[in-house]
Amino acid sequence: MDKRTRRRRMLARQRQLRRRRRIRMGISIAVAGLVLIFVIKGVILPLVKNIGGGEGKETVQAQVSQNADEALRQSLRGQADLGKVAGMTPGWHEDETGRWYRNTDGTFYISGFKEINGITYCFDDNGYIQTGWITKGAKEYYFNSDGSYNPDKRRPMLALTFDDGPGKYTDTLLDCLEEYNAHATFFMLGECVSVYPDPVKRMVEIGCEIGSHSWDHPNLTSLSLDQVAKQFADTDQALLNACGQKATVARAPYGAASQNIFATVGKPFFMWSMDTLDWSLLNASAVYDTVLNGDLTDGSIILMHDIHETSVQAALDIIPALIEQGYRLVTLSELAAAKGVDLQNAEYTDFWDSSLAAGLVAGYRGADFDDGLSGIFSEETEEFGDGEDAAESETSQAA
Ligand code: NI
């Protein structure tokens, strides 16, 4: 290799090194620039804006004196809340999680209902408005896609009731109820409860109602009142042993009872508005048809028996079908509460609006109870006051 060639190669190598150095330096400058932009946008700008706004500081002071613990804990929530307070004007705001409302004092609403400009909204624990069905206790409310409460939208309610168990098929029925988040009421015989205690415990766990159907299914009207009392006291004891609670509701065998029996037992007694005759059909698809083609007026009580395999098989199809059709499957106590009825030691057949209006339902508080959110609003207002306090602390920690 002659001298000239070697020199040419050396020059080429030096050019290559210089080019590489320039590329590395360019990348470093670009990275530094990006970091600077992030720091300004995420930290310095929010800081400057909050120092500038007097309200933010007032909220901090108020909060520190009120509830220092809460403010400290919530300060760990970070970036999401920083965005909320950074230079926002009062009123509605929207981010990738949803819509929320900023008050003029910098607070925002959480955990409850609030009327804003004549429209009621429901705020979740993070201050975002909720849509769709919201359940509060026994009642259910519908919020449109813009978050406004829709008082006209109500799901009709049905109470499925199962008598004479528990039995060997009860657990399968409970699987289905649990899967569809549906509730039912079980009118059980004390003598069966002592044989099958486990499903009884499970009923309580999944929100079903514990009912008594006497100890061994006698015609109560042929017994003395003392004997009647013993039938239900013994069953309550068996229920207590199985699930830790007594029956809240009762059903007389054959539906045969009297005012004296209601008073002696001391529980609300339930008849039914639809008798599926499942015990005589003993055919799952026939039972299914009976229910789906029957009178499913809002507030109906449906009688079935979970001791028959065919009845449980039918129920496995009936439950999803009714939910698919828009019904809400509830316990009798839930149904009564939702209809404004304080259950008495009396007899109930249905909770239809027509029966309520006709004065046929004992303990009905009257039509006024249920105008939109008013029934629950009074209870919730206080809770919501707490929510406002919490909202202040949320703002303060972010500031
Ligand atoms: Ni029976």
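Hydrogens, waters and symmetry mates play no part in the numbers below; they use all other heavy atoms, side chains included. We count residues from 1, following the sequence as given. Atoms within a ligand are numbered from 1 in the order they appear, just like the ligands themselves.
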**Student:** Only pairs at least two apart or in different chains count here, so list each side-chain hydrogen bond (donor to acceptor under 3.5 Å, both in side chains) that has a residue in residues 193-204.
**Tutor:** D171-R202, D175-R202, E178-R202
**Student:** Side chain to side chain donor-acceptor pair (under 3.5 Å) with T349: which residues, sequence neighbours excluded?
**Tutor:** none
**Student:** If the Ni ion (ligand 1) is the vertex, what is the angle to NE2 of H217 and NE2 of H213, rounded to 10 degrees?
**Tutor:** 90°
**Student:** My understanding is that only one of R154, K339, R155 makes a salt bridge (Lys or Arg N to Asp or Glu O under 4.0 Å) with D298; could you say which?
**Tutor:** K339
**Student:** Backbone or side chain, does D164 get an N/O/S atom under 2.8 Å to the Ni ion (ligand 1)?
**Tutor:** yes
**Student:** Here's a test for you: under ring pair (Phe, Tyr, Trp, His ring centres under 6.0 Å), which of W92, Y101, Y128, F113 qualifies with Y121?
**Tutor:** W92
**Student:** At less than 2.8 Å, would any N/O/S atom of H305, backbone or side chain, sit next to the Ni ion (ligand 1)?
**Tutor:** no
